[in-house]
Amino acid sequence: MLIFWSLVRNSVVLAVYLLFLLFSVACFFTVHEHYILASQEVTSDLSKLAGNFENQGTLNLQGGLTSDIKGNGTTVLQNDITLADNRTIEGTLNANDKNINMQDSSKNYTTLTVNNLEGIANLQ
């Protein structure tokens, strides 16, 4: 009988450890799935990416600027963009002779905060 209760106790302890391990793994993936780091050259449409974006390389931005871009990298506009919300680019923005529409749909002006600006930007 003593062996039986010893096995039951060990099984309960093992089950608790496994639950803790599964919980830890789930928390890790929940926290880390919403953070994207670009350290090389990346071409992307930010509207198709969820979460935060950190640019440490070169981001060839297609589509719109739908989230802030953190990091010291260079963001190169590949097309004209419209800002629906206030946005910040911590690194360098290479406007690449593109248009940046600074009005949202309700005719309110938005702001774009950029650390460094390269190239020609046509602000509308």
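Since this is a predicted model, take the numbers as computed values, not measurements.
- One distance of note links OG1 of Thr75 with CG of Asn116; it measures 11.0 Å at 0.5 Å rounding.
- Looking at heavy atoms from C-beta onward, Ile69 lies out of side-chain contact with Glu90 at the 4.5 angstrom threshold.
- One distance of note links CD1 of Ile81 with CD1 of Ile100; it measures 5.0 Å at 0.5 Å rounding.
- The side chain to side chain contact (heavy atoms under 4.5 Å, CB included) search around Asn99 returns Asp80, Asn122, Gln124, not counting sequence neighbours.
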Worksheet entry | Derivation and outcome, side chain to side chain contact (heavy atoms under 4.5 Å, CB included), residues Thr58 and Val76 | CA-CA 7 Å; Thr58 300; Val76 181; 4.1 Å; yes

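- Ile89 has its side chain out of reach of Thr113: every pair of non-hydrogen atoms, C-beta onward, lies at least 4.5 Å apart.
- Counted by atom type alone, Asn94 and Thr74 present zero donor-acceptor pairs between their side chains at under 3.5 Å.
- Every residue two or more places apart in sequence or in another chain that forms a side chain to side chain donor-acceptor pair (under 3.5 Å) with Asn60 is listed here: Glu41, Thr43, Gln78.
- Cluster partners of Leu14, using a side-chain heavy-atom cutoff of under 4.5 Å among ILVMFWY residues and allowing indirect links, are Leu18.
- Val13 belongs to a hydrophobic cluster whose other members, connected by ILVMFWY side-chain contacts under 4.5 Å either directly or through intermediates, are Tyr17.
- Remark: Ser11 engages no residue in a side chain to side chain donor-acceptor pair (under 3.5 Å) (not counting sequence neighbours).
- To the nearest 0.5 Å, the span separating CG on Leu59 from CG on Leu77 amounts to 9.0 Å.
- Looking only at distances, no side-chain donor or acceptor of Asn72 sits under 3.5 Å from a matching main-chain atom of Gly91.
- Residues forming a side chain to side chain donor-acceptor pair (under 3.5 Å) with Glu118 (at least two apart in sequence, or on another chain): none.
- In terms of heavy-atom proximity, Leu93 sits nearest to Val114 at CB-CG1, 3.7 Å.
- More than 12 heavy atoms of other residues, nucleotides or ligands shown are found within 6.0 angstrom of NZ on Lys98.
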